[in-house]
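Structure record follows, encoded as structure tokens.
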Amino acid sequence: MPELPEVETVRRSLEPNLLNKTITEVKVFLPKLIKIPSGDAEAFGRILTGRKFKAIKRRGKYLLLYLEPDWVLVIHLRMTGRLLYIEKPVPVEKHTHFIFCLDDGNELRFHDVRQFGLIYLVQEKDLETIEGLKTMGPEPLSEDFTLECLKNSIKGKKQRAKVFLLDQRCVAGIGNIYADEILFQAGIHPDRRVDTLRDDEKEALWRAIKDRLQAGVDHRGTSIKDYVDGFGQAGSFQNQLQVYGKYGEPCPRCGTIIQRTKSGGRTTSFCPRCQKIR
DNA sequence: AATTGTACCTGTCAGC
DNA sequence: TGCTGACAGGTACAAT
């Protein structure tokens, strides 16, 4: 589910509520989601209890909750994960797998219908033991992500454009929705090999990556089924989508029927006229 | 080394 | 009203 804009929206909604709060109790209902320390709910709860949140960050699609003095609770929401700050008494739902009780009397809950979410508890010096974080590509909304940076990332690769965008080692945080929207805006066919892109096309791709992800953040994410922010609020970027999930409908730019294919095992929607393979 | 397939789960929706 | 199969914002791992 959540891609960079959704995870960033969750981060922003949680940050003011968690900063300087202390965890008073941890309830674990599904230990298998704890990857480090592997399935160990007892150690997980023991280490977290009594610790205070000192920073709430994001890297790609990972949320990084920093605790004093040097622990990091790393959470990946995968497809259907939700992190919710609960202020009023709410019954524990069927798919609530973790509850972090806070010293303000409120709770942080992790909820995940499909149970794909991943949770790690590591010390700061060990963040790189999380393979996905260690190999993560550049952060696309940072100032460091220049056109040159994208060109460097493309260098030596022969992937098709859609697969390239979905590969977290190439660029961080892009998933199936934003990949389709980025390629449409850039006018690039999803099956185009990245090593055949001209300079002007690389620049269009770079601009579209920045523009579509920023637009997603500005609209507080895309809520199609499950995604909500830390307050349970939906985003609105689903109203701005041009091609994602719109196969069979006319292209908003030229009216040609949007086609559907598979790239890297994922359903892909694109306009065969605006996104020529060339 | 790079690519493709499969596994992990539950829920929803279309078609019969 | 079932039942079945396809599909869903993702990635880790095995197989090729």
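Treat the numbers as computed from the prediction; the structure is a model and nothing was measured.
Sorted by residue number, the list of members of residues 28-44 of chain A with any non-hydrogen atom under 4.0 Å from DNA chain C is empty. If you check residues 115-140 of chain A against DNA chain B, the residues with a heavy atom closer than 4.0 Å are Q115(A), F116(A), listed by number.
Closest contact between the side chain of K225(A) and the listed nucleotides dG9(C), dC7(C), dT3(B) involves dG9(C).
Taking the P atoms as reference points, dA6(C) lies 16 Å from dG5(B), given to the whole Å. With P as the reference atom, dA1(B) and dT11(C) are 23 Å apart, rounded to whole Å.
Rounded to an integer number of Å, the gap from CZ of R193(A) to P of dA2(B) is 13 Å. Rounded to whole Å, the distance from CZ on R160(A) to P on dA2(B) is 16 Å. Counting to the nearest Å, the P atom of dT3(B) and the CZ atom of R266(A) are 18 Å from each other. A straight line from NE2 of H97(A) to P of dC8(B) spans 16 Å, rounded to a whole angstrom. Nucleotide dG9(C) holds its P atom 14 Å from the NE2 atom of H76(A), rounded to whole Å. The CD-P distance, from Q168(A) to dA12(C), rounds to 9 Å in whole Å. We find that CD1 of I224(A) is positioned 14 Å from P of dC13(B), with the value rounded to whole Å. H95(A) has its NE2 atom 14 Å from the P atom of dC9(B), to the nearest Å.
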Carefully, step by step, assess F184(A) and F270(A) under the rule side chain to side chain contact (heavy atoms under 4.5 Å, CB included). CA-CA 7 Å; F184(A) 176 74; F270(A) 70 103; over 6 Å; no

Give the intermediate values and the outcome of ring-ring contact (aromatic ring centres under 6.0 Å, His included) for residues F110(A) and F100(A). CA-CA 8 Å; F110(A) 181 78; F100(A) 304 92; 8.4 Å; no

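Y178(A) comes within contact range of no nucleotide atom at all, as no heavy-atom separation falls under 4.0 Å. In this structure, K94(A) reaches the sugar-phosphate backbone alone: every heavy-atom distance under 4.0 Å involves primed, P, OP1 or OP2 atoms, never a base.
One side chain, Q214(A) or D218(A), offers a donor N or O that lies under 3.5 Å from an acceptor on the other.
T267(A) has a side-chain polar atom (N or O) that falls below the 4.0 Å cut-off from OP1 or OP2 of dA8(C). Within the structure, every side-chain polar atom (N or O) of R114(A) is placed at least 4.0 Å from both OP1 and OP2 of dC8(B).
Between R11(A) and E8(A) a salt bridge is recorded (basic side-chain N to carboxylate O distance below 4.0 Å). The pair D112(A)-R78(A) does not count as a salt bridge, with every side-chain nitrogen at least 4.0 angstrom from each carboxylate oxygen.
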Side-chain polar contacts of residues 114-125 of chain A - donor-acceptor pairs under 3.5 angstrom, sequence neighbours left out - could you list them?
residue, atom, partner, partner atom, Å
Q115(A), OE1, K32(A), NZ, 3.4
Q123(A), NE2, D70(A), OD2, 3.3
E124(A), OE2, K54(A), NZ, 3.1

Taking distance alone, no hydrogens or angles, what donor-acceptor pairs closer than 3.5 Å link side-chain atoms of residues 158-166 of chain A to residues at least two apart or in another chain?
residue, atom, partner, partner atom, Å
Q159(A), NE2, D167(A), OD2, 3.1
K162(A), NZ, N176(A), OD1, 2.7
K162(A), NZ, D180(A), OD1, 2.7
K162(A), NZ, T267(A), O, 3.4
K162(A), NZ, T268(A), OG1, 2.8

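Its glycosidic angle being within 90° of 0, dG9(C) falls on the syn side.
Heavy-atom distances to DNA chain B give each of V163(A) and V113(A) a nearest nucleotide, and the one nearer the 5′ end belongs to V163(A). Summary of the strand contacts: Y247(A) and Y62(A) both lie near DNA chain C, and taking for each the nucleotide with the nearest heavy atom, the more 5' one is attributed to Y247(A).
Heavy-atom contacts from other residues, nucleotides or ligands closer than 6.0 Å to CZ of R51(A) number more than 12.
Of the residues listed (T24(A), T22(A), V26(A)), the one engaging T49(A) in a side-chain contact (heavy atoms from CB on, under 4.5 Å) is V26(A), and it is the only one.
From D226(A), atom CG reaches atom CE of M79(A) across 9.0 Å, with rounding to the nearest 0.5 Å.
Between H76(A) and Y62(A), the ring center distance clears the sub-6.0 Å criterion. Ring centroids of Y178(A) and F237(A) are separated by less than 6.0 Å, placing the two rings close together.
Sorted by first then second residue, the side-chain hydrogen bond (donor to acceptor under 3.5 Å, both in side chains) pairs that include residues 231-245 of chain A, not counting sequence neighbours, number zero.
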As a check on the pairing definition, encode DNA chain B in dot-bracket form, counting Watson-Crick and G-U wobble pairs whose two distances are under 3.5 Å, and using | for partners outside this strand. .|||||||.|||||||

